Amino acid sequence: MAHTEESNPTTAWGCLLKARKFGAKEILAFLIVGLSFAFVTFHLYTGMFGHPEAHFYRSLHLTGVLLLCFILFPLNRKSWSDSPNIWTVIDVVCILLTVVLEVYYLWDIEAFELRQVISPNTADVCMGIILWLLVLEGTRRSLGLPMVLIAIFFTFQALYSEQMFWIFYGPSTSLKSLVLDMFMQEGGIFCMPLGTIASFVVLFLIFGAFMEETGTGRTFTDLALGAFGAKVGGPAKAAVVGSAFFGMLSGSSCANVTTTGTFTIPLMKRVGYESTYAGGVEACASTGGMFTPPIMGATAFVVAAYLGLSYVTVALAAAIPALCYYFALFAAVDFHARKSKIPPLRKEEMPVVKDVLKNGAHLLIPIALLVYFLVSGYTATTACFWSILGLFLVSFLKKSSRPGAENIVSVCEAAAKATVVTAMACAAAGIIVSTSTLSGVGLKLGTQIVSISGGHLWLALLLAAVLAVILGMGLTTTAVYIIMVVTVIPPIMQMGVPALAAHMYALFWGVLSNIIPPVAIASFTAAGIAKAGPMKTAAKGFCIGFPGLLVFATFVYNPGLIMIGSATDIIVNSVGCLIAVICFAAVMEGYAFTKINIFLRAILAVCSIISLSPHWGLTFAGLAGGVVILTLNYLAYKKEGLDFERGGELEA
């Protein structure tokens with residue numbers, strides 16, 4: 001781990017180390033370093049010794065998030081390190097108002113809590129409006145305008161429902177009622193999602209930032225490359241496996257692309273993969289990490305909190321769909337490599353697994369520790385706290401990972417910045433949840449979806465998936481899920497879908513919006529690294545990941561995939577899904593071991609689809625048909641006499 005005096009000048013700590021004078025930029029850097037360190041220390045302390053009362057704890061958390069937001073994302077400047085200008089006055093005002101709000105709340109907590117029961121006074125209303133404005137401005141800076149516009153619309157829709165139309169028409173909500181629910185109680189900005197971020201997710205973000213700083217991501221990539229580099233499509237398979245392992249810990253598709261993609265994408269291009277394909281593979285692999293246990297993404301903790309289930313239950317429910325998704329990607333890159341005659345890596349190009357483990361095996365111990373604590377029934381907070389402590393201790397075992405002061409501060413900065421984005425999304429989503437619940441529009445929207453679907457579950461699920469993808473164009477996965485909780489999930493549950501299946505459906509499609517055009521943020525990030533066209537990369541990524549999407553389109557009908565049902569149900573559903581996605585990957589490529597003609601391709605597509613049927617007769621028929629066609633394709637490949645994996649002719 002680099003901890004020399006040659007510091008990164010783009011970080012606040014690097015700016016301070018290189019400072020020759022103490023001006024405005026250095027003051028900002030000092031504030032960022034101090035706030036980030038205090039923010040992380042506060043959450044580590046509460047992770048160890050427990051959280052105070054919910055509203056009090058969440059208000060402190062949000063205050064820290066807003067302060068960091070207005071410093072890290074300054075107005076009318078690309079970065080905090082740019083020189084201050086006239087617009088900086090607004091940043092200062094926002095910071096002062098944030099402090100005033102927290103002081104107002106803390107000044108007389110007992111009186112404030114009493115007014116929660118009676119009625120807010122004029123000062124409460126003013127402070128509620130100020131908080132609403134600050135949250136929207138912080139959301140605009142950290143996430144962009146789309147979510148802000150949605151929150152503004154739902155707020156005014158609740159206040160002026162009597163002047164609205166269609167499902168937005170209804171009795172108007174008074175300003176006092178809105179402030180009471182949104183600001184003073186735990187149903188709005190300080191709702192459960194924000195509490196989940198403050199209690200659990202921030203610790204996992206600290207863990208992920210520490211892992212990235214210690215080089216754990218590169219260790220995963222090197223292990224995957226050492227294991228699969230000599231196979232057909234080795235670099236792409238290494239990208240799939242490495243991104244899966246690191247992505248399940250980082251919890252962010254874009255962060256995963258940036259961390260592992262900077263190594264895997266150039267390597268894929270070097271052995272013959274086109275730029276768009278290399279970017280598409282990395283985008284799909286990185287996105288899958290957000291629903292891959294043990295950590296998944298921030299949204300998984302929110303799902304567990306909404307359902308009142310343990311996080312382990314949610315993680316187990318995601319295990320088989322995640323496995324099937326990655327099997328689909330693995331098959332897709334294998335078939336593409338065979339079709340395009342892309343050679344495996346030479347032995348001298350591959351890292352030696354033994355050497356990788358010698359240098360980085362100690363970094364895998366905290367992950368094992370995390371899994372142990374989670375499986376043993378400890379809370380996510382406890383499990384993550386001890387895993388962070390374990391990672392800190394084992395990082396001293398090797399000079400390459402040993403942290404210096406700069407590395408620790410960098411971890412605090414990275415974790416604080418990641419928390420700002422996630423927490424602002426939850427705070428803004430809290431506004432949407434509060435206003436849509438008070439006005440009743442959320443329930444009406446869900447009713448409309450049921451009405452449009454005509455009571456057909458498949459159509460309601462399709463509309464829900466489309467809504468998730470549309471929302472995903474401008475919102476984070478967590479925000480998409482929260483909005484769907486108050487809109488489409490309740491009516492889907494009323495149509496007979498188990499609660500866990502309905503919530504997981506919303507989670508998965510919220511995640512998958514990262515790779516579905518026209519706004520596929522993970523693909524766009526990968527395109528930048530691959531130096532390819534964003535839309536072409538997104539389209540290619542969608543095609544690569546399409547077989548995996550079948551998993552999430554059908555598990556509501558096959559609940560065994562999310563561990564609902566008997567052991568037989570789980571096994572049959574899982575095997576059927578695995579074979580189906582492999583077959584459909586061959587259909588999309590038109591190639592498995594050798595070319596598949598159009599007739600067999602059509603039959604294989606039908607076999608893939610019926611393998612996902614909830615009726616076991618069709619499942620077994622689809623499995624048999626798919627296995628037979630792939631076997632015939634393999635025999636045809638052998639007959640051609642080409643052993644591509646060895647790069648020569650088969651021996652007679």
Side-chain angles (χ1 to χ4, degrees), residues 34-36 38-47 49-72 93-121 123-139 142 151 155 176 178-203 205 298 301-302 305 381 415-416 419-435 478 482:
L35 276 172
S36 299
F39 187 80
V40 168
T41 303
F42 170 70
H43 285 90
L44 287 174
Y45 177 85
T46 56
F49 297 104
H51 308 132
E53 186 271 330
H55 197 285
F56 171 69
Y57 180 61
R58 294 171 189 179
S59 72
L60 287 176
H61 173 79
L62 184 59
T63 297
V65 166
L66 287 171
L67 290 174
L68 286 164
C69 180
F70 296 131
I71 297 174
L72 290 170
V93 170
C94 290
I95 291 169
L96 291 176
L97 286 175
T98 301
V99 174
V100 168
L101 270 170
E102 188 62 20
V103 171
Y104 175 80
Y105 170 67
L106 296 176
W107 191 261
D108 193 346
I109 294 180
E110 293 182 358
F112 185 87
E113 292 176 346
L114 182 61
R115 294 196 299 276
Q116 290 177 353
V117 181
I118 304 173
S119 177
N121 58 30
D124 293 332
V125 173
C126 293
M127 290 298 175
I129 294 172
I130 291 173
L131 180 61
W132 179 80
L133 291 170
L134 290 174
V135 168
L136 292 183
E137 175 59 12
T139 303
S142 57
T155 300
K176 279 192 173 184
L178 191 59
V179 168
L180 183 65
D181 187 74
M182 190 170 60
F183 168 54
M184 302 183 70
Q185 297 179 344
E186 297 171 18
I189 292 173
F190 299 104
C191 62
M192 180 271 297
L194 184 68
T196 303
I197 300 298
S199 302
F200 310 130
V201 178
V202 64
L203 292 177
L205 293 175
F301 295 94
V302 181
T381 303
T419 305
V420 166
V421 175
T422 308
M424 291 312 306
C426 286
I431 294 175
I432 297 170
V433 170
S434 175
T435 52
T478 306
I482 293 170

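Every value quoted in this text rests on a predicted model; they were computed, and no experiment measured them. Below, each value reflects all heavy atoms present in this structure, side chains not excepted, and no hydrogens, waters or symmetry copies. Along the sequence shown, residues carry numbers from 1.
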Asker: Closest heavy-atom contact between P120 and L180?
Answerer: CD-CD1, 4.1 Å

Asker: Measure the spacing between OG1 of T98 and CG of L134 and express it to the nearest 0.5 Å.
Answerer: 4.5 Å

Asker: Are any non-hydrogen side-chain atoms of T46 and F42 less than 4.5 angstrom apart?
Answerer: yes

Asker: Supply the atom-to-atom distance I197 CD1 to L205 CG, rounded to the nearest 0.5 angstrom.
Answerer: 7.5 Å

Asker: Between S434 (side chain) and G430 (backbone), is there a donor-acceptor pair under 3.5 Å?
Answerer: no

Asker: State the CG-OG1 distance between L194 and T422, to the nearest 0.5 angstrom.
Answerer: 11.0 Å

Asker: Tell me, please, which residues at least two apart from T155 pass side-chain contact (heavy atoms from CB on, under 4.5 Å).
Answerer: W132, L159, L178, I431, T435

Asker: Can you tell me which residue among L60, L67, L66 is in a side-chain contact (heavy atoms from CB on, under 4.5 Å) with T63?
Answerer: L67

Asker: Please report the closest heavy-atom contact between F190 and R58, naming both atoms and the distance.
Answerer: O-NH1, 2.8 Å

Asker: Between V420 and S142, what is the shortest heavy-atom contact and its length?
Answerer: CG1-CB, 4.3 Å

Asker: So how far is it from M424 CE to L68 CG, rounded to the nearest 0.5 Å?
Answerer: 11.0 Å

Asker: Under a 4.5 Å cut-off applied to non-hydrogen side-chain atoms, are F183 and I129 in contact?
Answerer: no

Asker: State, yes or no, whether a side-chain contact exists between T419 and H61 at a heavy-atom distance under 4.5 Å.
Answerer: yes

Asker: Give the ring-plane orientation class for H51 versus Y57, where under 30° counts as parallel, over 60° as perpendicular and anything between as tilted.
Answerer: parallel

Asker: Check whether any side-chain heavy atom of L133 lies under 4.5 Å from a side-chain heavy atom of I130, and answer yes or no.
Answerer: no

Asker: Compare all side-chain heavy atoms of M127 with those of V100 and state whether any distance is below 4.5 angstrom.
Answerer: yes

Asker: Would you compute the distance between atom OH of Y104 and atom CG of L131 and round it to the nearest 0.5 angstrom?
Answerer: 12.0 Å

Asker: Holding to ring-ring contact (aromatic ring centres under 6.0 Å, His included), I want the full list of residues that pass it with Y45, two or more places apart in sequence or in another chain.
Answerer: F49

Asker: What's the spacing between I189 CD1 and S59 OG if we round to 0.5 Å?
Answerer: 12.0 Å

Asker: Quick one: closest heavy-atom pair of A427 and L62, and the distance?
Answerer: CB-CD1, 4.2 Å

Asker: Give the minimum heavy-atom separation between V179 and G128, together with the two atoms involved.
Answerer: CG1-CA, 4.2 Å

